[in-house]
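Take a look at the structure below.
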Amino acid sequence: MLDPQLLRNELTQTAEKLAQRGYQLDVQNWQQLEASRKAIQVETEQLQNQRTTISKSIGQAKAKGEDIQPLLSQVASIGDKLEQSKNQLKTILTEMEAVTLYTPNLADDSVPLGDDENDNVEVSTWGTPKTFDFEVKDHVQLGQNNQGLDAESAAGLSGSRFTLLTGEMAQMHRALSQFMLDKHTQQHGYKEYYVPYMVNAETMQGSGQLPKFADDAFITEDERYLIPTAEVPLTNLVADTILDEAELPIKMTAHTPCFRREAGSYGKDTKGMIRQHQFDKVEMVQIVHPEHSFAALEEMTGHAEAILQDLELPYRKLVLCTGDMGFSATKTYDLEVWVPAQHTYREISSCSNCTDFQARRMQARFRNADVKKPQLVHTLNGSGLAVGRTLIAVMENYQNDDGSITVPAVLKPYMNNKSKVNKAK
RNA sequence: GGAGAGAUGGCAGAGCGGUUGAAUGCACUGGUCUUGAAAACCAGCAUACGUUAAUAGCGUAUCCAGGGUUCGAAUCCCUGUCUCUCCGCCA
């Protein structure tokens, strides 16, 4: 949610900034709502004040044994008017809330303007894509060759966009998440969490997935949502709390499966395990003092980069343009890893500063020693990294002529010191 | 799944349907005292919204949430959520 003061006092500028993101705020409608809200709220509060005042004097009169009848008839006329006024106010506030819940965060001034992913700006690249002296296979072929990746069995069990991993592929998948968690907890200062994979609607609303993106999530019969990312449970851990300033920053990480309907992505990335209904991810979340959130974004993106560097996977870093950013973000870096078979970079991490947007929805605050008042925290989240896509990247970048895959050095301790897997039979 | 108990300010914990935003204690902040600290004593200390130039006043709301009764609800009634205890089942 945006600061309501922005919509009240800087409506035109705010609408312009929202338009950069492709969101059209109905300014006229909002102004009308705001005007009637003002009038009706004042009226309601006045009526309420009258009623309370008279009710109090009834109490006093009764205590003194005076006749309360005149007071009762005085208050009688207020009831209906108040009721009506209250209902009107409620209707307007509900309407206004609907607008604010559907309005995205504002982009930071440092974010490049643009319409879609074509306008994202490359910030840096790392590593050099390896040249192969044989014809590279994609991860699907590599997986099939070695019977470690089985889309057909998964489809039989669950349908499209699911993958089954077996043997050393499953082991490498596990090794990757272990490695990532160890790196973040031991070197980057994050605390490890094990979290629920199902959350309630309130939690989904807190981090911005609801109400606007209900179609993207799986919902259970008892109205719980399968988490689309560990960002949801982790970030909401501070919902409705007032933290001590000394507790900040809070740095959390968790390895979870992520569930996404992928509604509207029909035909996109149907081959292989690039885009799945279920995938594993190691997520980083930071809860920080508002002054430090942009520095924290740089730091957190660095933590994701460190994983790729340790795995020696070439990647590039992009800053997303205004039109391509997620709903809650004010600034986002994407990391894209080199995928040899596609001869291109593919997204493997996304790190965002959400400023106070999620914090306001969740009412996550800290007691500011300077101001002494509770103040909204800033929240950040980043993938560190998407495990399935990392597995793909390792398979393809570390493939050998015979179809085997060399184990990256940092993964060896997690794989019984094997140096190669999936030797073609 | 069955039976019972509960949910009040940062925490603990009072509260008869009437001037209760709410006793008291702890914590916290400022002060007195002290060479300094502790102790003691004094004072202050919720949040949100509205109005406003105002972080000044004034007003409104908030005692788990949502309904209801009433002139008036933290207090009474209904529904829901969560927590705890006991029983059953169970990885």
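Just so it is clear: chains get the letters A, B, ... in the order the sequence lines come, proteins before strands, and each one is counted from 1. Just so it is clear, the model here is predicted, and its values are computed rather than measured.
If A:V75 and A:P4 are placed on RNA chain B by their nearest nucleotide, the residue sitting closer to the 5' end is A:P4. Between A:R37 and A:G59, the residue whose closest nucleotide on RNA chain B is further toward the 5' end is A:G59.
The A:R51 side chain lies nearest to B:C71 when the options are B:U51, B:C49, B:C71. Among B:U47, B:C71, B:U60, the nucleotide with an atom closest to any side-chain atom of A:I58 is B:C71. Relative to the side chain of A:Q60, the nucleotides B:G18, B:U19, B:G10 differ in distance, and B:U19 lies closest. With distances taken from any side-chain atom of A:E45 to the nucleotides B:G59, B:G72, B:G10, the minimum falls on B:G59. Counting only heavy atoms from C-beta on, A:R365 has its side chain closest to B:U47 among B:U51, B:G72, B:U47. Side-chain proximity of A:S55 to B:C71, B:A61, B:U47: nearest is B:C71.
A:Q41 places its CD atom 14 Å from the C1' atom of B:U52, with the value rounded to the nearest Å. Atoms CG (A:L82) and C1' (B:G72) sit 12 Å apart, rounded to a whole Å. In this structure, the CD atom of A:Q363 is 14 Å from the C1' atom of B:A46, given to the nearest Å. In this structure, A:Q46 places its CD atom 9 Å from C1' of B:G59, rounding to the nearest Å. Taking atom CD of A:Q375 as the reference point, atom C1' of B:A48 lies 15 Å away to the nearest angstrom. For the pair A:L47 CG and B:U60 C1', the computed distance is 12 Å after rounding to whole Å. With rounding to whole Å, A:E247 atom CD is found 14 Å from B:G10 atom P. Atom CD of A:E97 and atom C1' of B:A48 are 14 Å apart (whole Å).
B:U75 and B:C63 have their C1' atoms separated by 10 Å, with the value rounded to a whole Å. Only the C1' atoms considered, B:A14 is 42 Å distant from B:C90, to the nearest whole Å. B:U55 and B:U47 have their C1' atoms separated by 15 Å, given to the nearest Å. Nucleotides B:G30 and B:A7 are separated by 35 Å at their C1' atoms, to the nearest Å. Going from the C1' atom of B:G15 to that of B:A73 covers 13 Å, rounded to whole Å. B:C33 and B:C42 have their P atoms separated by 16 Å, with the value rounded to a whole Å. Atom P of B:G9 sits at a distance of 23 Å from the matching atom of B:A5, rounded to the whole Å. Nucleotides B:G21 and B:U62 have their P atoms positioned 11 Å apart, rounded to a whole Å.
Between A:K90 and B:G67 there is a side-chain polar atom (N or O) within less than 4.0 angstrom of OP1 or OP2. Put simply, A:N49 has a side-chain N or O that comes within less than 4.0 Å of OP1 or OP2 on B:U60. Listed pair A:K38 / B:U51 meets the phosphate criterion, a side-chain N or O lying under 4.0 Å from OP1 or OP2.
No donor-acceptor pair under 3.5 Å is formed between the side chain of A:T185 and the backbone N or O of A:K191. With A:R161 contributing its side chain and A:Q278 its backbone, the two residues share no donor-acceptor pair below 3.5 Å. Listed for the A:H378 side chain is no donor-acceptor partner under 3.5 Å among the backbone atoms of A:H289.
Nucleotide B:C86 has B:G2 as its partner under the Watson-Crick or G-U criteria, with both atom distances under 3.5 Å. Using N1 to N3 plus N6-O4 or O6-N4 for Watson-Crick, or N1-O2 and O6-N3 for G-U wobble, each under 3.5 Å, B:G36 pairs with nothing. Within the shown strands, nothing qualifies as a pairing partner of B:G21 under the Watson-Crick or G-U definition with both distances less than 3.5 Å. Taking a pair to require two hydrogen-bonding distances under 3.5 Å in either a Watson-Crick or a G-U wobble arrangement, B:G9 remains unpaired. Of all nucleotides present, only B:G80 satisfies the Watson-Crick or G-U wobble test against B:C64, with each distance under 3.5 Å. Base pairing annotation: B:G57 forms a Watson-Crick or G-U wobble pair with B:U51, both donor-acceptor distances under 3.5 Å. When Watson-Crick and G-U wobble pairs are counted only if both distances are under 3.5 Å, B:C16 pairs with no nucleotide at all. Base pairing of B:U69 is not made with any nucleotide, judged by Watson-Crick or G-U wobble geometry with both donor-acceptor distances under 3.5 Å.
Within the 4.0 angstrom heavy-atom criterion, only backbone atoms of the sugar-phosphate kind lie near A:Q5; the bases stay farther away. Here A:R360 lies out of heavy-atom contact (under 4.0 Å) with every strand. Within the 4.0 angstrom heavy-atom criterion, no nucleotide atom of any strand lies near A:I54.
Taking the charged nitrogens against the carboxylate oxygens, A:R275 and A:E262 do have a contact shorter than 4.0 Å, which makes a salt bridge. Electrostatic pairing of A:R346 and A:E396 does not count as a salt bridge here, judged by no charged N lying under 4.0 Å from a carboxylate O. Taking the charged nitrogens against the carboxylate oxygens, A:K17 and A:D109 do have a contact shorter than 4.0 Å, which makes a salt bridge.
The base of B:G18 lies outside donor-acceptor range of the side chain of A:K56, with no N or O pair under 3.5 Å.
Under the 4.5 Å side-chain criterion, counting only non-hydrogen atoms from C-beta, A:L106 is in contact with A:L18.
Ring planes of A:Y190 and A:H188: perpendicular class, angle over 60° (limits at 30 and 60°).
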